[in-house]
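Data block below; observations after.
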Amino acid sequence: MGFAKPLGRQNWVVALAALLSVSAYVITVGAFWPPALVLSVLAFMGFWRVDVTSPVMAKLGKTAFGIYLLHPFFMLVVYKFCGSGVNHWLAGFLCFLITWLSVPVLRQFRWGKALT
């Protein structure tokens, strides 16, 4: 298992992402994706500084990869049942929750281990 090395101070990355996202938010007249981009960058920069030597992190990594693979399917499921007019934050939360809960269930099956 490899270990991540700290990036050092990368405040300019966060500032640039925030500036671009605010600009995109203004240009697109309140679209959903610019705030999501800012939150993603901030989460990445925050979690990058966390010590990853814990054995729990390997389990979280497996779950994260499963979520990455399965979330497009569950996005379709959420929008099918909730409709296209659903709040984007609620739809994102429901998609994450359903996907996160489904990964351990799918890993119980032989074919599910290959998927996740």
Side-chain angles (χ1 to χ4, degrees):
M1 176 193 313
F3 294 100
K5 295 187 172 35
L7 284 174
R9 295 214 176 260
Q10 298 294 324
N11 296 334
W12 67 271
V13 175
V14 176
L16 179 63
L19 177 67
L20 291 174
S21 295
V22 168
S23 302
Y25 190 72
V26 170
I27 291 170
T28 60
V29 192
F32 171 70
W33 65 270
L37 178 64
V38 169
L39 290 174
S40 300
V41 169
L42 291 175
F44 176 78
M45 294 302 288
F47 286 118
W48 189 262
R49 292 167 170 38
V50 174
D51 183 26
V52 293
T53 57
S54 170
V56 174
M57 294 308 250
K59 291 181 182 179
L60 287 175
K62 289 179 183 178
T63 303
F65 185 65
I67 290 171
Y68 168 74
L69 289 178
L70 296 173
H71 85 275
F73 170 75
F74 286 107
M75 282 174 60
L76 293 173
V77 170
V78 167
Y79 281 110
K80 183 68 173 179
F81 285 108
C82 295
S84 62
V86 67
N87 182 311
H88 293 295
W89 294 102
L90 176 63
F93 176 74
L94 287 175
C95 175
F96 171 75
L97 185 65
I98 294 168
T99 308
W100 181 49
L101 293 173
S102 69
V103 168
V105 172
L106 287 175
R107 289 189 63 78
Q108 299 300 318
F109 301 102
R110 185 172 21 141
W111 52 269
K113 289 180 182 175
L115 251 179
T116 61

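Because only heavy atoms are used, hydrogens play no part in the values below, and waters and symmetry mates are left out as well, while side chains stay in.
The distance from the CH2 atom of W100 to the CZ atom of F74 is 14.0 Å, given to the nearest 0.5 Å. The distance from the CD1 atom of I98 to the CZ atom of F81 is 9.0 Å, given to the nearest 0.5 Å. Note that CD1 of I67 and CZ of F96 are 4.5 Å apart. Values are rounded to the nearest 0.5 Å. Of the inter-residue distances, the one linking L76 atom CG with H71 atom NE2 reads 10.0 Å to the nearest 0.5 angstrom. Considering SG of C95 and CG of L90, their distance stands at 11.5 Å, rounded to 0.5 Å.
The shortest distance between side-chain heavy atoms of L70 and L106 falls below 4.5 Å.
Residues Y68 and M75 do not share a hydrophobic cluster, clusters being chains of Ile/Leu/Val/Met/Phe/Trp/Tyr side chains in contact below 4.5 Å.
Heavy-atom minimum distance, G66 versus T99: O-CG2, 4.4 Å.
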